[in-house]
Amino acid sequence: MHAIEFKNVSFRYEEEQPYVLRNVSFQVEAGEWLAIIGHNGSGKSTIAKLMNGLLFPTEGEIIINGIPLNEENIWEIRRQVGMVFQNPDNQFVGTTVRDDVAFGLENRGVPRAEMMDRITSSLEQVRMQDYLLHEPYRLSGGQKQRVAIAGVLAISPSVIILDEATAMLDPLGRKEILDTVHRVQEAQQLGLITITHDLNEVMQAHRVLVMNDGEIWTTTVPRELVKRQTELQQIGLDVPFVTQLAHALERQGITLDEQPIDHEELLDALWTLHSNK
Amino acid sequence: MDITFEQVDYTYQANSPFEHKALNNLSFHLPGGSFTAIVGHTGSGKSTLLQHLNGLVRPTSGSVHIGEHTLEPKKKPKQAKELRKQVGIVFQYPEHQLFEETVEKDIAFGPRNFGVAENEIAKRVKESAEAVGLDLSLLSRSPFELSGGQMRRVAIAGVLAVQPRVLVLDEPTAGLDPRGQREIMDMFYRLHKEQQLTTILVTHSMEDALTYADHMLVLDKGEKYMEGPPVEVFQKRQALQQVQLDVPEIFQFLQKTSERFGKPVVFEGENVDRLAEQLAGLAGGNK
Ligand SMILES: Nc1ncnc2c1ncn2[C@@H]1O[C@H](COP(=O)(O)OP(=O)(O)O)[C@@H](O)[C@H]1O
Ligand SMILES: Nc1ncnc2c1ncn2[C@@H]1O[C@H](COP(=O)(O)OP(=O)(O)O)[C@@H](O)[C@H]1O
Ligand SMILES: [Mg+2]
Ligand SMILES: [Mg+2]
């Protein structure tokens, strides 16, 4: 059983309009981190919205933990699929941080007695426990995103989707949020899907799915993906600094045994060359 | 236009329980035609600073000079409208502010608001659409039918159509795909050069600060923490890390290379190809 399975999903927003997703099939397992990348308008957010029943496929099928998603069971599905979007301001409903996290729980029928425990522990996980009675709209961008993530953790989903959820943050805030989510994901063996333009973030994922113009361009591991620098640039994307450097080294006649995915791997490879000289 | 801040303080909601001093004794001078990157972690005062530049807010104490214009506490600036015309601000996610039925009307909104003659407006709409790389066939479309990247361009064209002398950019590439990011920044840089604009860029990208800016201003808790050419500022990694910032990735990599090979490898403005040559030398040349 897969945490998420898309089977030949096609989608268009209106009849008569062109399809914005065509024949999309992929799986995400429990405990797996899948990054989705692709040019603006390639269909990434549409995929995210299909995963928790904000939209329904025009054709094809979506199966969450063995349950085919349909209009009858969306609330059951939303208990399992937690989603955070780019702009936290549009996501707040409560007048305090506590109420905001509580809202998602009430909506999903969590008993009152259990709510407070869940609220406290999820806020602790994102280090926002001291802000219980603060007004969400007065928090900084990074703090708002953490509260939004606590709201998702509180419902104990089996899958978390971050749709460019860190795009507005500074690099450190971005790293903190990602580390938090990654920690929880590993501890609880959740499926994690991050939709992002941050290439260094992509390199940390287990697998990466590349969207291009409504279709899956490839699904692979980051190390394999970055070998295709020129093609990626042709579809509006790019490769990280280390990859660019590794390719520039190749042009200098230095071939590395394996495509490095971070600074350390590249330096290790260079050091080995140096030592074997 | 030269921009000077003299001992500027700005306090939000003074004399209330939410009182917050967002700018503290801030002084700096940006010569006309310069390209300045303003960096600082969230809450350091960047957006508050920007809002002073076209008179959206006035300092609580101190003064701001933008060309001939002066902003001081409690004094309504003379020619406030003229100032807004000369200083164009591209706010974060500017496409959220599009509202007209067609792209053309949206771009024309600014100049029309400033009383520019209709035949001149038509000319400017066309010129600014071309400047941002929008196909003229899109002018008659609704902005809401466009892609995110195209909508961003429409919003920017609207700012350019007013023909500002100062261009202020608050995270202009946030949310764009890698190609969109590069295209938009290259476009701003070209306009900056061609029209000798004074350009101020707020960014989280140290790479962009290094690539495009000739001057950098680092803010922390509403104060000026560092100032200087990017290459000099980026020599001080520890100081930047103390305020939750860092140097561009190429600097980080050079530092690790120096440590690994026990030899100083310093930044010399290189691109990846030049860096690869240097590394090839270090690693012992070609196999
Ligand atoms: N509500 C909508 N109505 C009609 N078309 C839409 C709507 N939302 C998105 N689209 C279109 O669907 C395509 C895919 O959009 P989206 O999934 O948001 O892409 P991404 O998240 O990769 O930028 C784009 O062409 C976009 O213009
Ligand atoms: N309307 C406001 N009322 C009270 N405090 C505010 C308001 N707007 C911003 N602040 C505070 O002023 C400080 C600087 O904010 P801002 O200029 O937006 O920083 P930046 O753009 O660097 O993230 C922050 O601590 C922020 O919380
Ligand atoms: Mg999207
Ligand atoms: Mg800001």
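By convention in this document, chain letters (A, B, ...) are assigned in the order of the sequence lines, proteins followed by strands, and residues within each chain are numbered from 1.
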Chemist: For A:Thr180, check side chain to side chain donor-acceptor pair (under 3.5 Å) against everything at least two apart and list the hits.
Modeler: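 If we apply the side chain to side chain donor-acceptor pair (under 3.5 Å) test to A:Thr180, skipping adjacent residues, there are no hits.
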
Chemist: What verdict does the side-chain hydrogen bond (donor to acceptor under 3.5 Å, both in side chains) test give for A:Asn40 and B:Ser147, after you've listed the backbone C-alpha separation in whole Å, the side-chain angles of each residue and the deciding distance to 0.1 Å?
Modeler: CA-CA 7 Å; A:Asn40 290 117; B:Ser147 73; over 6 Å; no

Chemist: Begin from the C-alpha positions of A:Trp271 and B:Thr257 and carry the test side chain to side chain contact (heavy atoms under 4.5 Å, CB included) through to its verdict.
Modeler: CA-CA 10 Å; A:Trp271 183 250; B:Thr257 310; over 6 Å; no

Chemist: Is a donor on one side and an acceptor on the other found under 3.5 Å between the side chain of A:Asp170 and the backbone of B:Thr42?
Modeler: yes

Chemist: Identify the residues of residues 231-254 of chain B whose heavy atoms come closer than 4.5 Å to a heavy atom of chain A, ordered by number, or report 'none'.
Modeler: B:Gln244, B:Glu249, B:Ile250, B:Gln252, B:Phe253

Chemist: Given heavy-atom pairs under 4.5 angstrom as the criterion, report whether the side chain, backbone, both or neither of B:Phe261 touches chain A.
Modeler: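 Both backbone and side chain.
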
Chemist: Verify the neighbour count for atom CD of B:Glu259: are there more than 12 heavy atoms of other residues, nucleotides or ligands below 6.0 Å?
Modeler: yes

Chemist: Mind ranking A:Ala269, A:Gly38, A:Ser275, A:Gly236 by heavy-atom pairs under 4.5 Å with chain B and telling me who comes out on top?
Modeler: A:Gly236

Chemist: Which atom names give the shortest non-hydrogen contact between B:Gln181 and A:His197, and what distance separates them?
Modeler: NE2-CB, 4.4 Å

Chemist: Can we say B:Asp273 and A:Arg251 salt-bridge, meaning some charged N sits less than 4.0 Å from an Asp/Glu carboxylate O?
Modeler: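 Answer for the salt bridge query: yes.
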
Chemist: Tell me, side chain or backbone of A:Ile37 under 4.5 Å from chain B's heavy atoms, or both, or neither?
Modeler: neither

Chemist: Minimum heavy-atom separation for B:Lys256 and A:Leu267, please, with both atom names.
Modeler: CB-CD1, 3.5 Å

Chemist: Under a 4.5 Å heavy-atom cutoff, which of A:Asn200, A:Thr272, A:Leu232 has the most pairs with chain B?
Modeler: A:Asn200

Chemist: Give the C-alpha distance, both sets of side-chain angles, the deciding distance and a yes or no for side chain to side chain contact (heavy atoms under 4.5 Å, CB included) between A:Leu270 and B:Leu282.
Modeler: CA-CA 8 Å; A:Leu270 288 171; B:Leu282 266 183; over 6 Å; no

Chemist: Please report the closest heavy-atom contact between A:Ala248 and B:Val272, naming both atoms and the distance.
Modeler: CB-O, 3.8 Å

Chemist: Which pair of heavy atoms, one from A:Gln86 and one from B:Gly175, lies closest together, and at what distance?
Modeler: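 Closest heavy-atom pair between A:Gln86 and B:Gly175: NE2-CA, 4.1 Å.
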
Chemist: Indicate yes or no for a side-chain donor-acceptor contact from B:Arg179 to the backbone of A:Gln233 under 3.5 Å, with no hydrogens or angles considered.
Modeler: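 It does hold such a pair.
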
Chemist: Is there side-chain contact between A:Ile254 and B:Leu279, with at least one heavy-atom pair below 4.5 Å?
Modeler: no

Chemist: Do you know which of A:His39, A:Gln244, A:Arg138 has the most heavy-atom pairs with chain B at a distance under 4.5 angstrom?
Modeler: A:Arg138

Chemist: Under 4.5 Å heavy-atom distance to chain A, tell me which part of B:Arg274 shows up: side chain, backbone, both or neither.
Modeler: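 B:Arg274 has no heavy atom closer than 4.5 Å to chain A.
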
